[in-house]
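Report on the following structure.
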Amino acid sequence: MKIEKDHQRFRQIVRGKIRDDLRRFLTRGELIGKEGKHLISIPVRGIELPHFRYGDNNDGGVGAGDGSVGDSLDPNGDGTGPGGTAPGAHILEVEVSLDELADILAEELQLPRIQPKGMHQITTRRDRYSGLRQSGPESLRHFKRTFRQALRRQLMTGSYDPANPRIVPIRSDKRYRSWKTVLKPQSNAVIVYMMDVSGSMGDEQKELVRLEAFWIDAWLRRNYEGIENRYIVHDVRAQEVDRDTFYHLREDGGTKISSAFKLAKQIMDQHYRPEEWNIYLFHFSDGDNSSETDSRECCRILREQILPHINLFGYCQVASAYGSGNFINVVHEYLDDVDCVLTSKVNSKDDIYDSLKTFFAKGK
Amino acid sequence: MIVHHRSSVQSELSEYARRIAEIARNAGLDFFETRFEVVDYDTMSQIAAYGGFPQRYPHWRFGMEYEKLRKQHVYGLGRIYEMVINNDPCYAYLLTDNDITDQKLVMAHVYAHCDFFKNNIWFSKTNRRMMDEMANHATRIRRHVDREGFDVVERFIDVCVSLENLIDPHSPFMKRDAADRAAPAAPRFVESEVVRYQTKPYLDRWVNPPSRIQAEREKIKEKRKTEQHRLPPQPVRDILHFLLKQAPLEDWEADILSIIREEAYYYAPQGQTKIMNEGWATFWHSRLMTQHLLKDEELITYADHHAGTVAMPPGHLNPYKIGVELFRDIEDRWNKGRFGKEYDECVSLEERRRWDRKLMLGREKVFEVRRVYNDVTFIDEFLTPEFVERFKLFQYRFDPATRRMVVVNRDFEKIKAQLLFMLTNHCQPYIFVVDGNYANRGELYLAHKHTGIDLDIRYAVETLKNIQFIWRRPVHLQAQINDEMVLFSFDGHQSQQQKIHGDLPKPAHQV
């Protein structure tokens, strides 16, 4: 179609603007939490063409309906009613797919595409709404079909009164949208995030982890059709938690990193056969392990049990006020020869950019 | 009637198109030949993004609009049933997957739009060969792209589009060029302006002393001289025209600016008659469908569609709804003779309610209304307190305390004033060129005519930059902000704003 060119040009402009601002997006959490399933809405500056227009005091209008003077038009809303209370700040919210965002990231960081190693053996299930049936949840009710059915019944039974054409559907009139499940093969990856939640990891550190994990997710999602996330937290013991707990749990006490690796290994063995899954492990810590012995034990577990089966082990050490931060040195010492082990230090949000580059520059 | 035959469904459609046209003509509608084309949603989104046309010049904002429309459709937030272009012949696009009831409704709707385009006076100066003209514009701009380079041309189009609302929608009705020339040609003798008191001839020397007369003559000549050099001679609202004539533009730049301006004028009447045009089309589709075209089994689909068209959630003013109800109200009032001095002065509610002079002038009246009114005059003339009450209209405003939109008024006069304000100049500010040679430095001086609401400063500053891009010399905008007169300036490098004070040179005119 003719408009294809204009559309591509528009996307190109949007991508350019996002790219210009990427460092800012990387370092501020403003995108996180705004992401939908596949799309993310990004405020992009300077796209809209300015016109002379009225300012904010032009906020009235005419509407219709019930309500007396003083009533809110939108009693349940958050106050952003009609009539342009949106900021005229020359900013356009543009929806970008997470894939596209990942592409922009890759373009900017010059990341190579990852070669999946899976065999496309795994299939996923997708639902497609295509038919009708007589039972189902109310949210899927097909209004027009239901109404028609009720009208037909009332006409047939003679309960339809043209002078008062009131149609009341009964249960057997109701029609619901129904779906079919389709299977689709795809290549899959699992990301296991591990985080040290010992006393030395504060909120600031966790925020860094959160930002970094968001971008790791985005990039891996771009490369695999199916992504699963697992979250492990540990102090001296490790446990698997959900995403929300992962970012908010706070524990006191010591640190035994090996506990997390053992649990990760266990999860891998139980759920993710390495022939089918691309496995990514990321560990975030301040590097303050309880003992040198445990640090060496970690490296042993990694080398013998984990590293042969996975695509990438990324260790990301965040700076903290307390720790010695020695773990990264141990990893360097014992695992320097292994290709799939990568480390980075993130002392502040500005380092996320380089950290991501370190992890994914090899295309693993 | 040409429907492009692709399947039997479409030949069925063209049969319907023929029948509906016949019924519409019999009902009194008078339209250009109308050509329907059936398109899929993607094509429809493209056409809609292109403002109704199958092709436009290359520009990313069409792509942006296209994306928005596509998404609306995917998320089920909106559906374009039809597009119709003001052109002779009229072109209208129908959606492939509309069901046949929808298609009939839409065709009836389209014929009424075509009738409106053809007969409403505000459309009388639009180019009825716009289909060809748009294609020519696209070709011209592509040629400039080939010669000047994509980026340069795109940048310039961005600038022009940013200024596209700086036109004067009334100017097609003025004989502008004639007026331009007429002003200096008019014989204005200096003597006729010199003040002479009536007196007897023998007293003249004393009542009108020659020295005073001479002095006055000199003064008038002097004033003439400065006036002659005023640019523009009067404040100008069609800023694009002024820039075309006066700004130092390359040929290709002038060509692009003139294209943007021409297209802006083509679209202007559609903005001026949104309520009327949609109201008229809805009035007729409803009438033709219910009286002639509906089959029994189509009733529910029709009712569902029509209800969607005229639905008006609180706080939103649906032009389809307001328009159709006003037309019906007018028809009813003129049928019953509910107008004129006698009716207006009748104070008995009961009598007013029963008022029916059986004049049956409604049909004639609605056709007259669709011919000579635009939205502003339409609301001004035909919005009645009864109507406002019947449709529960209210005025709302943003309440800073609760940060919500709240109902502030159910008073007829206030509601009407608010509506009129929203419709006047499409709710856009009035900006004039008041001096094209400000302070004798070749600088451009614009002024905002304040009608109660301030300009948005951030947008104004950005837009001013685009004007400077065209004018090349420094530009200024005078605007009233928070009850103070402020001068915004941009010289190509730096924006500044200052309160207007006595030491600043005055522009040639004030608005």
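Sequence lines set the chain letters: A, B, ... in the order given, protein chains first and strands last, and positions in each chain run from 1.
With a 6.0 Å radius and a threshold of 12 heavy atoms from other residues, nucleotides or ligands, D296(B) has its CG atom at or below the threshold. Atom CD of E297(B) has more than 12 heavy atoms from other residues, nucleotides or ligands within 6.0 Å. Counted within 6.0 Å of CZ on F150(B), heavy atoms from surrounding residues, nucleotides or ligands total more than 12; the atom is thus considered enclosed.
Relative ring orientation between W60(B) and F10(A) is described as parallel, the plane-to-plane angle staying below 30° on a 0-90° scale split at 30° and 60°.
At a 4.5 Å heavy-atom cutoff, the contact between L166(B) and chain A is made by side-chain atoms alone. Looking at N466(B), only its side chain comes within 4.5 Å of chain A, counting heavy atoms on both sides. Within the 4.5 angstrom heavy-atom criterion, no atom of I239(B) approaches chain A. Residue contact with chain A, scored on non-hydrogen atoms closer than 4.5 Å, involves the backbone and the side chain of F394(B) alike. Heavy atoms closer than 4.5 Å to chain A are found in the side chain of K71(B), but not in its backbone. Only the side chain of I431(B) comes within contact range of chain A, with at least one heavy atom under 4.5 Å from a heavy atom of that chain. Contact annotation for L477(B): only side-chain heavy atoms (C-beta onward) come within less than 4.5 Å of a heavy atom of chain A. Contacts of N409(B) with chain A are made by backbone atoms alone, with heavy-atom separations under 4.5 Å and no side-chain atom involved.
Of the listed residues (K2(A), E4(A), R11(A)), the greatest number of heavy-atom pairs within a distance under 4.5 Å of chain B belongs to K2(A). Between chain A and the residues R56(B), E154(B), E65(B), H448(B), the most heavy-atom pairs under 4.5 angstrom are made by E154(B). Listed options D66(A), V62(A), V69(A), I13(A) were ranked by heavy-atom pairs under 4.5 angstrom with chain B; first place goes to V62(A). With chain A as the partner, the residue from Q55(B), K68(B), H59(B) showing the most heavy-atom pairs under 4.5 Å is H59(B). In terms of non-hydrogen atom pairs under 4.5 Å with chain A, the most contact-rich of E67(B), M312(B), K414(B) is E67(B). Note: D42(B) leads L299(B), L464(B), V388(B), D42(B) in heavy-atom pairs under 4.5 Å with chain A.
Considering only heavy atoms from C-beta on, R53(A) stays 4.5 Å or farther from L455(B) through its side chain. The closest side-chain heavy-atom distance from Y50(B) to I3(A) is below 4.5 Å. Taking the side chain as every heavy atom from C-beta outward, F52(A) and Q428(B) never approach each other to under 4.5 Å. A heavy-atom distance below 4.5 Å is not found between the side chains of S68(A) and V407(B).
In this structure, R61(B) has no salt bridge (Lys or Arg N to Asp or Glu O under 4.0 Å) partners at least two apart in sequence or on a different chain.
When all heavy atoms of A64(A) and L393(B) are compared, the closest pair comes out as CB-CD2, 3.5 Å. The two residues P50(A) and S162(B) come nearest to each other via the heavy atoms O-OG, 2.6 Å.
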ring-ring contact (aromatic ring centres under 6.0 Å, His included) evaluation trace for F421(B) with Y54(A): CA-CA 12 Å; F421(B) 178 75; Y54(A) 287 127; 5.7 Å; yes
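Using a distance-only test at 3.5 Å, with no hydrogens or angles considered, a donor-acceptor pair links the side chain of H51(A) to the main chain of V161(B).
Taken from CD in E48(A) to CD in E462(B), the straight-line distance is 11.0 Å, to the nearest 0.5 Å. Here the CG atom belonging to L49(A) is positioned 8.5 Å from the CD atom belonging to E164(B), to the nearest 0.5 angstrom.
Inspection of non-hydrogen atoms places F147(A), R148(A), L151(A) of residues 147-159 of chain A under 4.5 Å from chain B.
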